[in-house]
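As structure tokens, the structure follows; a few thoughts come after it.
By convention in this document, chain letters (A, B, ...) are assigned in the order of the sequence lines, proteins followed by strands, and residues within each chain are numbered from 1.
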Amino acid sequence: MTSPLLTGLNAEQRAAVTLPRQSALILAGAGSGKTRVLTTRMAWLIQTGQVSPQGLLAVTFTNKAAREMLARLSTLLPINTRGMWIGTFHGLCNRLLRAHFREARLPQLFQILDSQDQLSAIKRVMRALNIDEERHAPRQVQQFINGHKEEGRRPAAIEPFDMHSRVQRDIYIAYEAQCQKEGVVDFAELLLRSVELLQANESIREHYRARFPFVLVDEFQDTNRLQYVWLKLLAGSENAVFAVGDDDQSIYGFRGAEVGNMRDFERDYGLTEIIRLEQNYRSFGNILDAANALIRHNQGRLGKNLWTTAGPGQPIRVFEAGSDGDEARFVVEEVRALLGDGLALSEMALLYRSNAQSRVLEHALFSAGIGYRVYGGLRFFERMEVKHALAYLRLAANPDDDGAFLRVVNFPPRGLGARSLETLQSHAASAGQSLQQAARHVALSGKAATGLNTFLLCVDRLRATAEAVPLAELVSAMLEESGLVQHYRQEREGADRVENLEELVAAASGFENDSELSDLAAFLSHASLEAGEHEAAPGADALQLMTVHAAKGLEFQAVFVCGLEEGLFPHENALSEADGLEEERRLMYVAITRARQRLYLTRAESRMLHGQVRYGLRSRFIDEIPESLCRWLSTAQPAWKSSDRFLTAMPKREATTPARSEERPFANQPFRIGQSVSHAKFGAGVVLKCEGSGGDARVQVNFRDAGVKWLALGFARLTPS
DNA sequence: TACATCTTTATTTTT
DNA sequence: TAAAGATGTA
């Protein structure tokens with residue numbers, strides 16, 4: 001008798017779901033039913049009595065993924081998922097550290113710094129140490145600190161190799177001390193503290209190992225070193241780790257993700273086999289063939305080939321536009337055509353490598369009256385006014401939080417200038433107190449400015465209110481007491497901000513606290529750990545615009561991948577990084593595999609970038625896709641045929657055929673700007689500039705591999721390509 | 001403190 | 001180009 005849980009699963013999925021109690025690596029291709037396998041596995045383990053819901057630990061990277069897992073699990077089984085350990089690495093670490101705050105040497109109400117908060121904390125440390133921000137960019141320092149933390153290194157374990165790294169290490173030391181004193185932890189610290197807690201404390205470690213016989217990990221290819229160490233501490237040899245991932249979709253290496261963890265996992269847990277989920281339920285064959293062909297250019301893969309029973313479907317449409325504007329207009333035309341075919345706007349996506357590309361696309365869409373939605377940008381809890389409001393709440397919860405103090409002590413303005421804060425800071429430093437303590441000291445002596453007194457009274461009232469009323473009421477009171485709402489009401493463009501502040505009250509009243517903490521403390525954790533949706537404006541049917549990174553995990557009926565030019569995608573910066581090109585290729589792989597029915601690949605011969613026109617070569621990624629899967633559409637035809645230019649299938653060669661003579665600076669010159677050329681030594685390139693004529697003619701060429709060079713046409717053997 | 005003007009810089013960013 | 005950050009002026 002088979003469980004209804006297993007119906008509809010293919011053989012590999014079923015094998016994965018019903019694995020006995022052992023560690024396993026599931027290599028899950030794009031669109032292969034990864035989440036289904038993960039959630040069904042959990043349901044299966046519970047239903048077959050192998051574990052109780054409390055004995056499962058499932059970890060994801062995003063809150064969204066965690067929520068989805070939870071939601072799908074409860075549709076599979078009628079269980080109460082409350083209290084289950086399903087969450088993000090950071091969320092679960094937060095839980096762990098709250099439960100063992102003493103052993104972790106943290107105050108019970110420690111606050112969590114998001115990246116913004118961390119950066120300003122680092123700047124504060126640097127100012128205190130009198131370190132020049134010109135010589136040591138705070139952002140670099142932030143990367144230095146996070147990089148080391150993610151490798152599990154405290155300052156003592158760092159060997160400085162020059163002055164620069166020595167200074168950075170010193171900042172790291174002072175930053176740690178400051179965080180400890182203020183009772184705050186950054187994202188990486190959540191992980192590192194948890195790891196150290198588990199390492200140092202055998203009884204705690206054994207407690208969790210006994211509690212969670214089954215550990216499941218989503219998007220395993222995105223784990224960094226520290227997260228893997230964390231996993232190994234929670235799951236010893238007796239525990240069964242079910243890790244699901246896809247090395248071909250590893251696109252966060254630049255943030256410290258370590259694909260090598262997959263190989264290490266195989267070795268460390270003595271895995272004998274990998275289960276591959278290769279049947280794809282999302283895309284038509286041509287799209288999958290393109291993805292497979294592309295990714296085969298990468299070395300050292302675990303190896304995987306996507307297939308489908310859906311048939312080949314439509315060819316992949318490739319379009320080479322003259323300019324970024326033309327590219328955008330082509331997209332508009334095609335979107336209109338797809339709308340005519342009955343596709344909803346929200347079923348179509350425009351993907352690009354970098355956010356700056358959205359501008360031209362948006363402009364064209366706006367002119368055409370096509371509704372669109374851009375992902376990215378600030379999220380709810382990252383907005384300035386919301387951060388200000390949260391700072392008041394943080395001060396009510398934790399009087400030592402100097403970051404919060406500095407953020408709002410003079411906001412709304414209370415006449416406290418830089419000099420009064422400076423004296424306050426030196427008072428605090430010499431007395432070893434927090435700013436709030438020092439401020440109270442000054443206030444008691446009667447020498448404080450009225451603004452400071454007002455502020456301290458406000459914080460006092462908030463602290464008292466926090467104990468007495470429900471969270472939403474506290475937030476509402478805070479908005480009034482602090483003067484934030486009043487301040488933004490007066491401001492000319494403050495209406496949105498007021499609205500966001502009111503939204504914060506709504507968020508507080510809808511907040512469900514499933515922790516042991518007070519509502520306020522839990523809400524503050526929530527605000528740091530879950531910054532909210534990226535620019536959520538749901539409801540309306542709109543075309544989806546986002547970076548390829550943001551598209552990971554999503555799918556659309558039609559996908560446009562725009563800006564497929566050398567230097568942009570693959571990005572030029574990536575070429576100089578170790579594994580950079582391969583990561584770019586994986587990114588392209590992710591982009592392609594988002595499409596269900598229709599895939600468009602577009603590029604522009606010229607593009608406005610940093611205020612300058614740039615000429616890029618066609619991306620190598622286009623060339624890595626077999627021509628037999630593609631249909632080339634081209635604009636590079638005589639103008640009189642332009643009425644049907646989008647419908648004409650063109651062979652590849654003709655697509656780049658140059659061009660009208662008026663584009664040439666000199667009529668007798670053999671090369672024009674933007675033309676693709678090849679050179680015996682330097683290889684493929686594109687013409688940037690033409691100068692002179694006849695025997696003196698020179699051209700500047702941007703070579704794919706050799707960079708920008710001037711060539712004298714009298715000598716150089718340059719041929720059109 | 002607020003506003004204007006200048007300089008600088010420009011991938012991607014789950015938490 | 002155009003946005004953010006730093007510096008200068010009323």
Side-chain angles (χ1 to χ4, degrees), chain A residues 59-68 87-94 112-119 123 133-134 137-139 142-143 146 149-150 185-192 218-219 221-224 226-227 249-257 324 351-357 359-360 363 375-379 381-382 410-420 451 491 525-534 546-554 563 567-577 580 583-584 586-588 590-591 607-614:
Chain A
V59 59
T60 63
F61 277 86
T62 65
N63 294 296
K64 199 174 150 206
R67 274 196 302 271
E68 192 184 337
T88 63
F89 278 99
H90 296 84
L92 296 180
C93 284
N94 183 41
I112 301 165
L113 303 184
D114 68 14
S115 309
Q116 274 180 49
D117 299 333
Q118 184 190 30
L119 186 62
K123 284 182 180 167
E133 292 192 8
E134 299 278 272
R139 278 189 191 284
Q142 186 179 26
Q143 282 188 6
N146 289 340
K149 284 192 179 185
E150 281 162 12
V185 298
D186 58 47
F187 287 141
E189 186 73 24
L190 284 171
L191 259 303
L192 185 50
D218 189 21
E219 305 275 18
Q221 77 283 353
D222 289 338
T223 52
N224 63 34
L226 191 56
Q227 285 159 340
Q249 291 189 70
S250 162
I251 56 174
Y252 285 104
F254 70 94
R255 278 179 111 260
D324 46 359
L351 308 184
Y352 35 79
R353 176 64 240 265
S354 68
N355 289 303
Q357 287 169 255
R359 189 179 312 282
V360 187
H363 180 77
Y375 285 76
L378 277 192
R379 295 183 292 178
F381 284 110
E382 292 168 351
N410 194 38
F411 195 92
R414 301 187 177 88
L416 293 164
R419 74 209 162 281
S420 47
E491 220 171 51
S525 293
H526 167 79
S528 301
L529 291 175
E530 186 161 4
E533 289 289 304
H534 259 305
M546 66 192 85
T547 62
V548 182
H549 282 93
K552 192 178 161 208
L554 305 178
L568 192 59
F569 197 1
H571 197 277
E572 54 194 348
N573 296 359
L575 300 181
S576 55
E577 293 162 11
E583 181 150 316
E584 294 289 300
R586 293 192 290 267
L587 196 53
M588 181 68 183
V590 168
R607 173 179 303 278
M608 189 64 103
L609 209 65
H610 309 329
Q612 278 193 317
V613 178
R614 295 240 316 214

How long is the line joining [atom1] of [X] and [atom2] of [N], in whole Å?
| X | N | atom1 | atom2 | answer |
| --- | --- | --- | --- | --- |
| A/Asn146 | B/dT15 | CG | P | 15 Å |
| A/Tyr375 | B/dT11 | OH | C1' | 21 Å |
| A/Tyr352 | B/dT13 | OH | P | 9 Å |
| A/Leu568 | B/dA10 | CG | P | 16 Å |
| A/Asp222 | B/dT13 | CG | P | 13 Å |
| A/Gln116 | B/dT13 | CD | P | 15 Å |
| A/Glu530 | B/dT14 | CD | P | 12 Å |
| A/Asp114 | B/dT15 | CG | P | 11 Å |

Inset, instruction - Evaluate whether the aromatic ring of A/Tyr252 and the six-membered ring of the B/dT12 base sit under 5.5 Å apart, centre to centre, with an inclination under 30°. - result: no

Inset, instruction - Using the aromatic ring of A/His549 (for Trp, its six-membered ring), decide whether it stacks on the base of B/dT12 within the limits of 5.5 Å and 30°. - result: no

Legend entry - Pairwise C1' distance for B/dT14 and C/dA3, with rounding to whole Å: 25 Å

Inset, instruction - Considering only atom C1', compute the distance from B/dT11 to C/dA6 and round it to an integer number of Å. - result: 24 Å

Looking for any heavy atom pair under 4.0 Å, which part of the strands does [X] touch: base, sugar-phosphate only, or nothing?
| X | answer |
| --- | --- |
| A/Gly553 | nothing |
| A/Ser115 | base |
| A/Leu92 | nothing |
| A/Asn94 | nothing |

Nearest to the side chain of [X], heavy atoms from C-beta on, is which of [options]?
| X | options | value |
| --- | --- | --- |
| A/Asn573 | C/dA2, B/dT15, B/dT11 | B/dT11 |
| A/Glu133 | B/dT15, C/dA6, B/dT11 | C/dA6 |
| A/Met608 | B/dT12, B/dA10, C/dT1 | C/dT1 |
| A/Arg359 | C/dA2, B/dT1, B/dT15 | C/dA2 |
| A/Glu577 | C/dA3, B/dT11, B/dT15 | B/dT11 |
| A/Asn355 | B/dT15, B/dA10, B/dT12 | B/dT12 |
| A/Phe254 | B/dT13, B/dA10, C/dA6 | B/dT13 |

Inset, instruction - Please determine if a side-chain N or O atom of A/Arg139 lies less than 4.0 Å away from the OP1 or OP2 oxygen of B/dT9. - result: no

Legend entry - A/Thr547 side-chain N/O to B/dT13 phosphate OP1/OP2 under 4.0 Å: yes

Legend entry - Side-chain H-bond candidate by donor/acceptor type, A/Glu382 with A/Gln116, under 3.5 Å: no

Legend entry - side chain to side chain contact (heavy atoms under 4.5 Å, CB included) partner of A/Tyr352, the single match among A/Val548, A/Leu568, A/Thr547: A/Thr547

Legend entry - Name of the residue among A/Val59, A/Leu190, A/Ile112, A/Thr88 meeting side chain to side chain contact (heavy atoms under 4.5 Å, CB included) with A/Cys93: A/Leu190

Legend entry - Validation row: A/Pro570, A/Arg353 side chains within 4.5 angstrom (heavy atoms): no

Legend entry - Side-chain heavy atoms of A/Phe61 within contact of A/Asp218, under 4.5 Å: no

Legend entry - Exercise: identify the closest heavy-atom pair between A/Gly87 and A/Ala66: CA-CB, 3.9 Å

Inset, instruction - Return the 5'-most residue of the pair A/Gly611, A/Pro413 with respect to DNA chain B, ranking by each residue's nearest nucleotide. - result: A/Pro413

Inset, instruction - Would you please indicate if the ring centroids of A/Phe254 and A/His549 are separated by under 6.0 Å? - result: yes

Legend entry - Presence of donor-acceptor pair under 3.5 Å, side chain of A/Arg255 and base of B/dT15: yes

